[in-house]
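Encoded as structure tokens, the structure appears first; notes follow it.
All chains are named by letter (A, B, ...) in the order of the sequence lines, taking the proteins before the strands, and each is independently numbered beginning at 1. For the numbers below, each heavy atom of this structure counts, side chains included, while hydrogens, waters and symmetry mates do not.
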Amino acid sequence: MPYTIHEIKKIEQKWQEYWRTHKVFEASSDTSREKYYVLEMYPYPSGKLHMGHVRNYTIGDVIARFRRMQGCNVLYPMGFDSFGLPAENAAIKNNVHPRAWTDQRMNDMVAQMKTLGLSYDWTRFLYSHSEEYYRWNQWIFIQMFKQGLVYRKKALVNWDPVDQTVLANEQVIDGKGWRSGAEVEKREIDQWFIKITAFTEDLLADLDKLENWPERVKTMQRNWIGKSHGTTINFDVLDAGGNKIDELQTFTTRPDTVFGIEYVVLAPEHPKCREWVKGRDHEQDVLDFIASMDKESLIDRMGEGREKNGRPLGVFARNPVNGKVVPLWTADYVLMDYGTGAVMAVPAHDQRDYLFAKKYNLPISVVIRPEDVAELKAEDMTAAYVEPGIMVHSEQFDGIGSTEAITKISEWMEEQGTGERTITYRLKDWLISRQRYWGTPIPIYYDNDGNPHPVPESELPVKLPDDIEFGKGNPLQTSESFRYYTDPDTGKQYRRETDTMDTFFDSSWYYIRYTDAQNRNEIFSKDMANYWLPVDQYIGGIEHAILHLLYSRFFTKFFKSIGLVETEEPFFRLLTQGMVLLHGEVMSKSKGNVVDPDDIIKKYGADSMRLFILFAAPPEDQLEWNDQAIDGAWKFLGRIWSLVEKRYQPTDEFVDPSKFDKDDKDIFREINAAVKKVGEDIQNYKFNTAISCLMILMNNLDKYEVDEAKPHKQALFNHIAQTVVLLLVPFAPHMCEELWEKLGHSDCAALTTWPEFDEKALELDEVEVIVQVNGKLRARVTVAADIAEDALKEICLAQEHVKTFVDGKPIRRFIYVPGKLANIVV
RNA sequence: GGGCAAGUGGUGGAAUGGCAUACACGUUGGACUUAAAAUCCAAUGACCGUAAGGUCGUGUGGGUUCGACUCCCACCUUGCCCACCA
């Protein structure tokens with residue numbers, strides 16, 4: 001049978017069918033076995049698999065197949081993150097139901113996945129929009145509600161005044177609604193928040209325990225949490241006549257600069273702005289300024305280097321450390337949701353304050369000088385001096401270092417009662433309300449006083465209704481059947497919450513549902529969750545490094561806190577795979593540079609595509625797609641195919657090392673070394689070198705000659721061919737099943753035990769030693785592996801070529817790295 | 001601005017203190033063929049040399065070391081993430 005694409009297609013279908021009917025990849029619930037849980041981030045049903053998916057899943061499949069052959073009980077499931085905006089947009093555009101649109105795409109993608117030969121346990125298939133899944137979203141929400149971890153708060157949304165609907169950020173294009181083209185407005189509405197900040201310290205501290213996560217992902221999470229140590233300072237607020245009217249707190253990480261405060265500035269959204277200007281001269285001016293801020297999106301307003309704008313409030317603050325009275329301002333560069341929403345401004349030592357002071361002609365006073373400058377003058381400065389230095393004009397703190405002053409001043413302020421050391425985080429609570437249809441309905445109803453109550457758990461799921469209209473405000477509000485909740489006991493009707501949940505909620509716990517995906521009575525059984533968790537190997541794109549992984553970690557910690565799971569962290573080991581590029585650019589539909597996996601499978605089959613993807617680059621690196629290079633993978637598989645077809649002969653002989661000649665020994669050592677290396681490389685994600693090792697072995701096996709007079713050689717050949725086939729199973733599973741069968745086996749290669757290697761067979765009698773003179777290669781000698789250093793030295797010095805370079809000069813040193821290298825220093 | 005990652009032949013990459021460029025793609029030459037494809041064999045960093053062989057060579061400059069792609073310092077370039085976070 002020749003190695004043609006026609007044959008390959010038949011073989012791939014044959015074994016996919018075999019695996020399915022023999023339930024080869026179904027995970028066992030036998031908790032006494034050693035488990036291994038491999039998971040890829042479940043995809044959004046976008047319609048078609050792209051090469052990034054193929055790469056992601058191929059990597060996972062190699063790991064799953066490897067662990068299975070090592071004897072582990074492997075859980076390797078797949079599902080879909082199937083709620084979300086695109087389905088709803090498509091519904092509006094094409095007048096189809098989001099469910100129909102989504103189901104169609106899911107089915108198409110599952111069919112594609114099956115052609116890749118991925119070893120998923122399809123009995124655990126799940127998707128977010130099934131009632132059996134999202135009912136547990138609602139259940140979790142209610143548990144959080146009971147624990148006081150959800151609350152309502154006003155928050156700004158993008159409002160399209162023509163379509164009468166809330167827009168997601170990505171639906172706002174140049175400040176206009178994506179469909180109506182109308183100018184988008186900001187509106188404040190009540191929305192649901194989850195108190196992820198209740199777990200901030202755990203989320204931060206436990207990053208240190210994640211030894212098998214990439215450092216950069218942990219760094220990104222740390223930065224996102226953004227812990228900073230500083231001081232909260234209390235100011236009295238005075239009117240123009242010097243009468244105290246209120247108090248204000250600011251947060252700073254630079255208490256060493258407090259003697260340089262020249263003004264205090266509030267975020268425009270700060271409620272005190274409106275309060276304090278009421279009835280004063282500047283009132284209208286300030287209110288207009290605040291209103292202009294609302295129009296601008298936060299993204300437009302923020303950004304380093306942007307010109308800063310502000311207005312004086314006409315009231316003043318008294319600096320508690322020196323009694324100095326400074327003006328209060330509001331400015332666009334201050335953020336309401338960080339610190340206290342108010343900042344003490346020190347133009348001399350903060351670049352933002354410096355630029356602002358220059359623009360509005362505010363004074364600048366220096367309180368820290370560089371160590372090598374006797375006096376730093378404000379008028380000489382062209383930028384703020386932000387480095388550490390020596391304290392000046394700071395009363396009793398003059399002369400000490402500014403770093404030391406941070407501690408000294410904050411201690412002193414605490415004693416005086418004028419300030420307090422505080423810790424501030426960048427991490428904010430998670431806004432989960434979406435004024436959307438295609439998501440999990442928030443299981444809440446409101447009593448006549450407007451107080452929220454959770455829907456009783458027995459009433460779950462709160463199902464998505466079908467009698468909805470799109471493009472007329474929040475879709476769930478258009479549903480007659482949904483809008484009102486009827487109390488099952490009293491028959492009274494109440495208004496339902498019509499917002500749905502952020503889809504990040506769905507993806508924050510799906511990996512636990514897989515452990516017991518068909519459970520209809522509870523979210524999952526604790527036994528199953530505790531057996532399978534944590535996920536041993538999680539694989540996905542770096543784009544999820546922050547939000548998805550942080551939310552998942554939060555859910556796991558929440559589940560632990562209510563006794564549902566024992567693990568503190570969901571993902572033991574994380575691999576972030578690199579992107580697939582074509583001509584140095586990310587493949588995308590808009591650029592028209594997409595390589596369709598279906599086309600590659602048609603031409604080469606799944607095995608060649610998988611092998612190329614794994615061989616072309618290490619998994620974490622970017623991968624440059626190359627239509628030509630895939631020929632190499634095809635050729636390699638073809639050579640193994642014909643090697644087995646042409647040269648495998650059943651024999652009654654055994655592999656007998658006592659009969660080995662040098663060729664036998666060499667190839668036997670090589671196969672043992674390959675078993676060792678391929679196993680190690682797979683565990684270290686070095687699939688490319690694992691494959692190259694198999695290619696080298698294959699090249700040598702091709703040259704290895706059997707001899708009818710020495711029948712043990714055929715036995716050795718058979719042994720090596722079998723081992724190569726097994727080592728290749730994770731990479732090219734279909735062809736290996738076929739070859740395994742050709743090699744006379746009736747069992748399934750995918751469930752065969754991974755080969756073991758013989759440590760003794762790796763030992764060498766003779767080694768080649770590199771001989772250097774002054775670090776430069778001059779000769780190589782073959783010597784006994786256990787040669788003594790003195791004996792080796794003599795051999796080295798006797799080499800003609802070495803003699804020329806030593807040239808009678810005295811030998812200063814002789815360095816011998818056993819079995820590898822000798823260096824003669826003259 | 002901050003953080004992280006990377007920089008090696010014509011190309012993807014290998015080597016993480018010890019033979020730089022494994023393996024593969026491509027290219028060139030050869031075998032097979034009426035021919036082509038497929039397949040197989042050989043060559044393939046640059047320069048000098050008929051050859052043996054030599055010199056140079058892993059972004060740039062310095063350092064440590066018997067020995068540096070690898071470690072240290074400074075810089076350049078590219079990519080990614082965060083970014084007016086007080």
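Among the heavy atoms of the strands lying under 4.0 Å from I770(A) is at least one base atom, whether or not backbone atoms are also near. Looking at heavy-atom distances under 4.0 Å, R222(A) makes no contact with the nucleic acid at all.
Contact check for K324(A) versus E262(A): side-chain heavy atoms found under the 4.5 Å cut-off. At least one side-chain heavy atom of N699(A) sits under 4.5 Å from a side-chain heavy atom of R639(A).
Looking at H349(A), its side chain never comes within 3.5 Å of a backbone N or O of T257(A) through a donor-acceptor pair.
Put simply, NZ on K820(A) is 15 Å from C1' on rA20(B), counting in whole angstrom units. In this structure, D350(A) atom CG and rC84(B) atom P are separated by 13 Å, rounded to whole Å. One can place CD1 of I542(A) at 13 Å from P of rA6(B), the figure rounded to the nearest angstrom.
For the pair K677(A) and E680(A), the salt-bridge criterion is not met [side-chain N within less than 4.0 Å of a carboxylate O]. Between R669(A) and D666(A), at least one side-chain N (NZ, or NE/NH1/NH2) sits under 4.0 Å from a carboxylate O, which counts as a salt bridge. Ionic pairing of E307(A) and K359(A) is present here: one or more N-O contacts between side-chain nitrogen and carboxylate oxygen are shorter than 4.0 angstrom.
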What protein N or O atoms touch nucleotides 10-17 of chain B N or O atoms at under 3.5 angstrom, if any, and at what distances?
{"residue": "rG12(B)", "atom": "O2'", "partner": "A616(A)", "partner atom": "O", "Å": "2.6"}
{"residue": "rG13(B)", "atom": "O3'", "partner": "N688(A)", "partner atom": "ND2", "Å": "3.4"}
{"residue": "rA14(B)", "atom": "OP1", "partner": "N688(A)", "partner atom": "ND2", "Å": "2.8"}
{"residue": "rA15(B)", "atom": "OP1", "partner": "K686(A)", "partner atom": "NZ", "Å": "3.3"}

Using a cut-off of under 3.5 Å, enumerate the N/O to N/O pairs linking the protein to nucleotides 62-73 of chain B.
{"residue": "rC66(B)", "atom": "OP1", "partner": "R813(A)", "partner atom": "NH1", "Å": "2.7"}
{"residue": "rC66(B)", "atom": "O2", "partner": "N823(A)", "partner atom": "ND2", "Å": "2.5"}

Subject >> Working for ring-ring contact (aromatic ring centres under 6.0 Å, His included), residues F356(A) and Y333(A) >> reply: CA-CA 9 Å; F356(A) 193 80; Y333(A) 73 95; 5.4 Å; yes
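Each of Y263(A), Y354(A), W329(A) was evaluated against Y360(A); a single residue qualifies, W329(A), per the ring pair (Phe, Tyr, Trp, His ring centres under 6.0 Å) test.
Separation of the C1' atoms belonging to rC25(B) and rU78(B) is 24 Å when rounded to the nearest angstrom. Taking atom C1' on both nucleotides, rC72(B) is separated from rG17(B) by 13 Å, rounded to a whole Å. Distance check on atom C1': rU70(B) versus rC85(B) gives 38 Å, rounded to whole Å. Annotation: rA20(B) and rC69(B) have their C1' atoms spaced 7 Å apart (nearest Å). If you take atom P in rU58(B) and the same atom in rG7(B), they sit 14 Å apart, rounded to whole Å. Taking atom C1' on both rG12(B) and rU27(B), the two are 16 Å apart, rounded to the nearest angstrom.
Side-chain nitrogen and oxygen atoms of K776(A) include none within less than 4.0 Å of the OP1 or OP2 phosphate oxygen of rC19(B). For the OP1/OP2 pair of rC40(B) and a distance below 4.0 Å, the side-chain nitrogens and oxygens of R639(A) include at least one atom meeting the criterion.
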Subject >> Base-pair map of RNA chain B as dot-bracket, where | denotes pairing with a different strand and pairs are Watson-Crick or G-U under 3.5 Å >> reply: (((((((..(((.....[....)))((((((.......))))))((((....))))..(((((..]....))))))))))))....
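Counting non-hydrogen atoms of other residues, nucleotides and ligands closer than 6.0 Å to CD of E414(A) gives a total above 12.
Across all non-hydrogen atoms, the minimal contact from I364(A) to P347(A) is CG1-CB, 3.7 Å.
Here the nucleotide nearest the side chain of R780(A), chosen from rC19(B), rA86(B), rC23(B), is rC19(B).
Using a 30° and 60° split on the angle between ring planes, F571(A) and Y538(A) fall in the parallel class, below 30°. Ring planes of Y604(A) and W634(A): perpendicular class, angle over 60° (limits at 30 and 60°).
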